[in-house]
Amino acid sequence: MIRVRFAPSPTGLLHIGNARMAVFNWLFAKRHKGTFILRIEDTDVARSEKKYITQLIEDLHWLGLTWQEGPDVGGQYCPYLQSERLHIYNDICQNFLKEGMAYRCYCTYEELEERRQIAKLTGKPPRYDNRCRELTDKQKRAFETSGLSYTIRFKVPDELVVFDDLIRGTCQFDMSLTGDFVIMRSDGTPSFHFAVAVDDTLMNITHVIRGEDHLSNTPCHILLFHALKQKPPQFAHLSLTMGADRALLSKRHGAFSISEYRRLGYLPEGLLNYMMLLGWAPKDKKEKFKVDNIIDTFEISSMSKSASVFDQQKLDWLSGQYIRETDLDKLTNLAIPYLQTAGFVFTDETKIDRAKLKMILDAVRSNISCMSQIVQEVDIFFKDVVISENHVEFLSSETSQTILSTFYMNLQKLNTLSPDIFKEVLKTVQKETKVNGKGLYMPIRIALTGREHGPELYSIANILGINACKTRIERFLLVKNK
RNA sequence: GCCCCCAUCGUCUAGUGGCCCAGGAUGUCAGGUUCUCAGCCUGAAGACAGGGGUUCAAAUCCCCUUGGGGGUACCA
């Protein structure tokens, strides 16, 4: 049974880069009918916050990801919050100490920092020199009685660690170049390396799928797995995602958070689809797809090895594709909150004219790539028309007036309007005035909307309805008589 | 500094030695859609980082250089 985990630290909002790791873990689990686990790595007490855990879970759910084990759903390897597993790490660490695989280090943070600086300046590797490894009993006693706090370090053996990465192939690291690393901080919390190895062991994780930034950490983890007498899991290190500035996506890029995209009204299916396009490509070259349709073809080994740049324009295109295909009712529901905030629509949903709203959505959906953009597209349907000086002048011209009055007269013969009827009316106006193209459409468009741009005229007229159309035209017929 | 990973159009990618004077998508530009913006359709421009090998044959294998990214923390 395959078991994978997504293990974020709740130190900020979930961004595209991290979320993508979750997505591929989830996809891998689905592909192999395995278990997807959510584990929260909140051992960094200073930076972790509860609110981020809630937010994280919400964002992941919004994207459509589900997990079989996690802090919110439980599972047989409880708890899934590392902060609640402290006693476990401590017990295992005591064992390491007893077996001589780890030792206490009394170096202070300041001392270490100073040595690192000196090493850097003299061109030497800035790593820990393992000095507390060989402390004499006398020295140990002296440190003990002085009450100095200590960390616990793992004895890194001088060996070559070799492993096969599912994406990168064989990787090897010479561990004689690595200093003994901390597994327990002086405050009794485990370091990331230790917590990861312990939890992956205890939770029977079979495949560790994570970012390439962890590739260099992997040999340390493998050593720890050996110490835990556990066969290391399979590793797959995915390429990372960068912003347009070619710097890694991080909390610094606040705009790339999942909740921000959600707030802007991107459809989760579209975002999910786009994230999968980063580092992976569907065999059939159809870049817009339903996850269910690609699961069987997904091979993690075929994922890209190189980092990719997040392309907002392509996301917008893809998201727009989804908006064009989404069920109109559903789309209308998604639009309502934005229209309410903009004051275009009643707060009391029962008062909303849904039929009209649906027509509006249908008319403007191809102009937007996320739902928040709806607001700037629909004001012509909700606000009074404001005409600029230039437009008044334009509408007052001889030809414009001919068009408007002819159009108006034809409207007078009608009781209702539909896209088809509107097209017929325009044909008639064209015949009667001998004006066509821009000359014909522009006066009507401007009189009706006050703008030169907008959706198709026939759908505007249809949405406005015959009476509003008449009223809006009438106002500019009066201009002529003044 | 040292260690590790990576390198195809601006961007995401296909390509696993001959099917590739490199395919798709996005973006850009042009034309079409009897109005505009958008959409849609059609078309165009646009890449194997450089240098050495190996081979009858290299985008594909090897080496070097260059470039990018990561690690080297009592962050994860």
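Residue numbers begin at 1 in each chain, while the letters A, B, ... track the order of the sequences. What you see below is based on every heavy atom in this structure, not just the backbone, and it leaves out hydrogens, waters and symmetry mates.
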Kindly point out which of B:U8, B:G71, B:U11 is positioned nearest to the side chain of A:Ser216?
B:G71
Ranking B:G68, B:U26, B:U8 by distance to the side chain of A:Gln313, first place goes to B:U26
Residue list, ring-ring contact (aromatic ring centres under 6.0 Å, His included) with A:Phe173, at least two apart or on another chain:
none
Excluding sequence neighbours, so at least two apart, what forms side chain to side chain contact (heavy atoms under 4.5 Å, CB included) with A:Ala7?
A:Arg5, A:Arg39, A:Glu41
A:Ala447 meets the side chain to side chain contact (heavy atoms under 4.5 Å, CB included) criterion, sequence neighbours left out, with A:Leu395, A:Leu404, A:Ile473, A:Phe476
When you check the phosphate oxygens OP1 and OP2 of [N], does a side-chain N or O of [X] lie under 4.0 Å from one of them?
X        : N     : result
A:Arg116 : B:C2  : no
A:Gln376 : B:A38 : no
A:Ser308 : B:U13 : yes
A:Arg153 : B:C74 : yes

Please list, by residue number, the residues of residues 43-51 of chain A whose heavy atoms come closer than 4.0 Å to an atom of RNA chain B; answer none if no residue qualifies.
A:Thr43, A:Asp44, A:Arg47
Using a cut-off of strictly less than 4.0 Å between a heavy atom of the residue and any atom of RNA chain B, enumerate the qualifying residues of residues 154-173 of chain A by number.
A:Arg168, A:Gln172, A:Phe173
In short, salt bridge (Lys or Arg N to Asp or Glu O under 4.0 Å) pairs touching residues 111-128 of chain A with sequence neighbours left out are A:Glu111-A:Arg115, A:Glu113-A:Arg116
